[in-house]
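Lettering of chains follows the sequences in order, A, B, ..., and the numbering in each one begins at 1.
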Amino acid sequence: MLDKSFDPKEAEARIYKMWEDSGAFKPRAAKPTDTKDDNFSIVIPPPNVTGSLHMGHALNNTIMDILIRFNRMKGKAVLWQPGMDHAGIATQMVVERKLAAEDKFRKNMSREDFLNHVWAWKEESGGIIEQQLRRLGSSCDWSRSKFTLGASPNADAEEKAAQQNMGDGVTKAFVEMYEAGLIYRDKRLVNWDPHFQTAISDLEVETKTVDGHYWHLRYPLADGVTYEHPITDEEGNVTGHETRGYVVVATSRPETMLGDTGVAVHPDDERYAALVGKEIILPLVNRRVPIIADDYADPEKGSGAVKITPAHDFNDYEVGKRTGHELISILDDRGHILPLDIIPEEFHGLFSVKARKLVVAQFDEAGLLTETEKLKIEQPVGDRSGVVIEPMLTDQWFVDAEKMAEQAMAKVNDGSTKFVPENWKKTYDHWMANIQPWCISRQLWWGHQIPAWLLGSGGGKAARWTNAEETQQHRDEDAEFEVIWDKLSNLPVVTADAEQVPSLLLPILNNVDEIALVETIEKTGVLVEVKVKTKLGQALQFTFHQDPDVLDTWFSSGLWPFSTLGWPENTEELARFYPTSVLVTAFDIIFFWVARMMMQGLHFMKDENGEGIVPFDDVYIHALVLDEAGKKMSKSIGNTLDPLDLIDGVTSDVLVEKRTRGLKNPDKAPQIAKATRKAYPDGFEPYGADALRFTLASQAGQGRNIRLSVERIAGYRNFGTKLWSAASFGQMNGCAPVAGFDPSTATLPVNKWIISETAKTAMEISRCIDTYRFNDAADAAYKFTWDTFCAWYLELSKPLLSGEDGTEKDETRATFAWVLDQILKLLHPFMPFITEDLWAKVAEGRDSNLITAEWPTYGDKLVDADAVAELEWLQTLITNIRSVRADMNIPPSKKAPLLLCADTLDPRLDTYAPQLSPMARVEHVELASAVPDNALQTVVDGVQYAIPLAGLIDMDAERKRLAKEIEKAQKEIEQIDRKLGNEAFVAKAPEKVVILQKERRAGYAAEVETLQTALDGLG
RNA sequence: GGGCGAUUAGCUCAGUGGGAGAGCACUACAUUGACAUUGUAGGGGUCACUGGUUCAAUCCCAGUAUCGCCCA
């Protein structure tokens, strides 16, 4: 006996453990006959090690698990590769915050000590998200889980061996890309995050619109120069001129004027033509800077003159480069004004915003502030820190992304990788076509330290001399030292192996001097000391430090599709599972991740012809999960839903507490609490993972966001209960799977019909999953289970199952059990827990688990068109009888005969009398030559039926009902006639369409005729 | 400013060049028989608007409006 309903709390953990213990999550053994199509693989988008499960993960993993389970059941060798991302900035931030709470600060620690703290934290909480993914039912091969940063220094030997390639791969990738000229070190303007004091990439910068000001500043001209500046009215007409000894520039960041190197005007701007080449005396700092002509200045904007601060503005940087300006950096790493000689002392050390106020005040005081304009300005902020990003001139490492993007675009264009839905290709193309150099160095500690050695300060220059001879000798040596120093300090030494540093130095040095000997004298950790023997025979000592910076996390994430498979080792998994079958992700990381994987995959993975191999055949981009109001879920808005709360249930008190805890803006708490209580006054019931998964799948329409509806989750939980109860019915009626049952041998039309429908549904679901139409697949499974199987077949089978023992009963029992088995299989990818539980419970001693059962692929051969037609007729008949009875308010308890108004009795009516009785409340069936008075009438396939119900029918209402039906049908006929009467339609429309319309017309005409007869018969 | 997308039943959303759909909600009826986490039946839509293409447009094209997102 089955319990009353499925208990997710009890079953989920038990079943998940059973799966994992059974080894079902590991790919099956390779077969000699396996082709590429027999291997199916997905790499998980690695969640941040700091992360916890959110709805986006739930959707993402549900989709992947559907694909994985489906393909596993189809008999493919399936690998779902899990792992986690070290998430440089995010993790370092979390750990620093945690340490700060204990009054410990990174600045006061050694790098090693700090990293020990991070690793300890990772060990402690890094596994949480993997546990949470298990709760969803994700069938990843956890034994292969990888971490982008490799193993912890304290890990055991086994773990170290398993993760070894993760770090080695990153180093190898960096070195090879450097050697190929795809990575370079450069001093450039980068996005600087003053909070984390690191460079970040363009993608990590968000633009926010905030209230700001435009300050209009007067810059006096040097040497008493004046010019005639036109005065214009509101419509822009010149009404006169005034003599000016200044130009006006407008800026939202006046403090940058401390680093101005000029003022630009447009070359065609007649107003300022005479000023080009003249100079300005910058107020406050009293520096002379030139007025230059450059296209960047827009005559339409403001005064038409713009200040140029090449070291603190990306546009100005370009102008500065074009016009050969020097670069003046005025900010330190924290965004404070540097104590430069050229900057007045009162600004030294001021935070940029404070400096801004002081600059404005001083301009105002000097009468040089002409206007303060309030307006919205676009402000760049760090996506992690939330602080204003400063363009800063620093030495960083870059990937020449433009070069790599070419092939990455070409491979999508030629279809090697397909985007689903297709329109995301445009987004990808657009970004790739406009790609900028990718800044990959970060001034952090948590990450892959860059495998490059840089010349450190304090080399072997310490020798001092006492007499003239020595002095001269040392001067010579010193000169040699300078030559070597200059040469080396321009070039980082990039190598995976510190031992190689000296040998890499040789070719560099040989070009400039006759260096005889380079040897390592000491190598400790990140420090390499080399001895260089000069032509004077002197041994000079140089110290190289490993670059303290680490790589952008996405650099290692870009290697994920092959690093997780063992690269740079040549592993079996790499051969079997690369390229991966599909990448499943949300659109927001197409640039961050998908694009980088394409570029790096194509660079490192080559076929026998040296042609790059794409990392995945398909990229399926799914929606974002929004709240019920269509807003992005966010902690600060307090509208997040924790998938585990929906699985396990939660009270509204706990929900409110979770949503209001740790808010950036605690003032919002009461508002969030109120909204939460209003939306979910009773919290959530424990709906279970299956219901959540099914809801997400059913809403995963392509190219749409998902507004997660809790009501729908409840609906799909009910669906599970429905399935459970149908299984329970089967069990009570002896419908156990029959070994060796061949569905094609069924004889009863009702069984042949449900078998046909099963086969059709299986084809439909397969097709939908194969084409990533998860909502359609879920719908098809839902409809078949609830409507076709439970509502129709189950009711139709009741008379057979409760009837006399015999072959018909046996066949029906076997069919019922077979169909239920197919349903469990078809639903398994969507609802793995309840289906696996039922699989075991509806049959004793199965020899396999559902997770590895064979997917139904019967094709058309089980479809019996005659049986389908017969049962469709029966369903129409039953539906029509129910409908007319309901229209006339005939209570279901009142049974009535069914009269067939024809010459001969349709034998089918006899056959299905046992079904018609309970389902259509038919007492018995008989032939009638005429419709009696006081009867309801209906038409099926042009045949008239009557249901005599003397005394129960309001004949007036029946007349109205019939008239209404006739009218309805006639309207259809009119519409069709209009079409058929149109010569152009008959001439130009495809014959199929014309025939279809004619058939439809005939059908309606027959109906009208019969209904009219019925109506006339009522008098 | 550039780009992408959306607009279909009260709500949330499918869908298609030729018959307007689902779930929820709503209305009526039902209640010992798998299931009330239920059953049966029903009502409800100018498919945003304006033009065009077509024999035929909710669907294709153009424009307008509104909303959303991405990039600058």
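Across the P atoms, B:A65 and B:U50 are found 15 Å apart, a figure rounded to whole Å. Spacing of C1' atoms, B:A25 relative to B:G43, comes out at 13 Å, to the nearest Å. Going from the P atom of B:A20 to that of B:G5 covers 28 Å, rounded to whole Å. Separation of the P atoms belonging to B:A62 and B:A6 is 13 Å when rounded to the nearest angstrom. Spacing between B:G10 and B:C47 at atom P, rounded to whole Å, works out to 12 Å. To the nearest whole angstrom, the two P atoms, one in B:U7 and one in B:U58, are 15 Å apart. The separation of B:C59 from B:G52, taken at their C1' atoms, amounts to 15 Å, rounded to a whole angstrom. Comparing the P positions of B:G21 and B:A9 gives a spacing of 14 Å, expressed to the nearest Å.
Looking at A:Asp837 and A:Lys841, a side-chain N of the basic residue comes within less than 4.0 Å of a carboxylate O on the acidic one, giving a salt bridge. Electrostatic pairing of A:Asp787 and A:Lys783 does not count as a salt bridge here, judged by no charged N lying under 4.0 Å from a carboxylate O. A:Lys798 and A:Glu795 are joined by a salt bridge, as a carboxylate oxygen and a charged side-chain nitrogen come within less than 4.0 angstrom of each other. By the 4.0 Å N-to-carboxylate-O rule, A:Arg253 lies close enough to A:Glu390 to be salt-bridged with it. The existence of a salt bridge linking A:Lys964 and A:Glu967 is excluded, since no basic side-chain nitrogen approaches an acidic carboxylate oxygen closer than 4.0 Å. Under a 4.0 Å N-O distance rule, the pair A:Glu972/A:Lys968 does not qualify as a salt bridge.
Residue A:Glu795 is in base contact, counting any heavy-atom pair closer than 4.0 Å across all strands shown. Counting non-hydrogen atoms under 4.0 angstrom, A:Asn982 reaches the backbone sugars and phosphates but no base. Nucleic acid contact for A:Leu2: none, since no nucleic acid atom lies under 4.0 Å from a heavy atom of the residue.
The side chain of A:Arg1000 contributes no N or O atom lying less than 4.0 Å from OP1 or OP2 of B:G18. For B:U37, neither phosphate oxygen OP1 nor OP2 lies less than 4.0 angstrom from any side-chain nitrogen or oxygen of A:Arg717. One finds a side-chain N or O of A:Lys798 lying less than 4.0 angstrom from the OP1 or OP2 phosphate oxygen of B:A34. Listed pair A:Arg712 / B:C24 fails the phosphate criterion, with no side-chain N or O lying under 4.0 Å from OP1 or OP2.
Considering A:Asn880, A:Leu1011, A:Thr876, A:Leu898 in turn, A:Asn880 is the only one that fulfils the side chain to side chain contact (heavy atoms under 4.5 Å, CB included) rule with A:Thr938.
The side-chain heavy atoms of A:Val750 and A:Leu874, taken from C-beta on, include no pair separated by under 4.5 Å.
Rounded to an integer number of Å, the gap from CG of A:Asp588 to C1' of B:C4 is 15 Å. The CD1 atom of A:Ile435 sits 12 Å away from the P atom of B:A72 (whole-angstrom rounding). As rounded to whole Å, 6 Å separates atom C1' of B:C24 from atom CD of A:Glu711. Taking atom CG of A:Asp776 as the reference point, atom C1' of B:C13 lies 12 Å away to the nearest angstrom.
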Subject >> Sequence-aligned protein contact record of nucleotides 38-44 of chain B, with B where the base is within under 4.0 Å of a protein heavy atom and S where only the sugar-phosphate is >> reply: SSSSS--
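Ring geometry, A:Tyr782 versus A:Phe719: the interplanar angle falls from 30° to 60°, so the pair is classed tilted. Under the 30°/60° scheme for interplanar angles, the aromatic rings of A:Phe684 and A:Tyr680 are found to stand perpendicular. Under the 30°/60° scheme for interplanar angles, the aromatic rings of A:Phe587 and A:Trp424 are found to lie parallel.
Residues A:Arg707 and A:Lys979 each lie close to RNA chain B; by heavy-atom proximity, the contact nearer the 5' end of the strand is made by A:Arg707. Toward the 5′ end of RNA chain B lies the nearest nucleotide of A:Pro990, the other residue of the pair A:His430 and A:Pro990 mapping further downstream.
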**OP:** For RNA chain B, just give me the dot-bracket, please: Watson-Crick or G-U, both distances below 3.5 Å, ( ) intra-strand, [ ] crossing earlier pairs, | paired with another strand, . unpaired.
**Re:** (((((((..((((....[..)))).(((((.......))))).....(((((..]....)))))))))))).
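Closest to the side chain of A:Ala726, from the set B:C35, B:G18, B:A34, is B:A34.
Judged by atom type and distance alone, A:Ser728 does not reach the base of B:A34 through any side-chain donor-acceptor pair under 3.5 Å.
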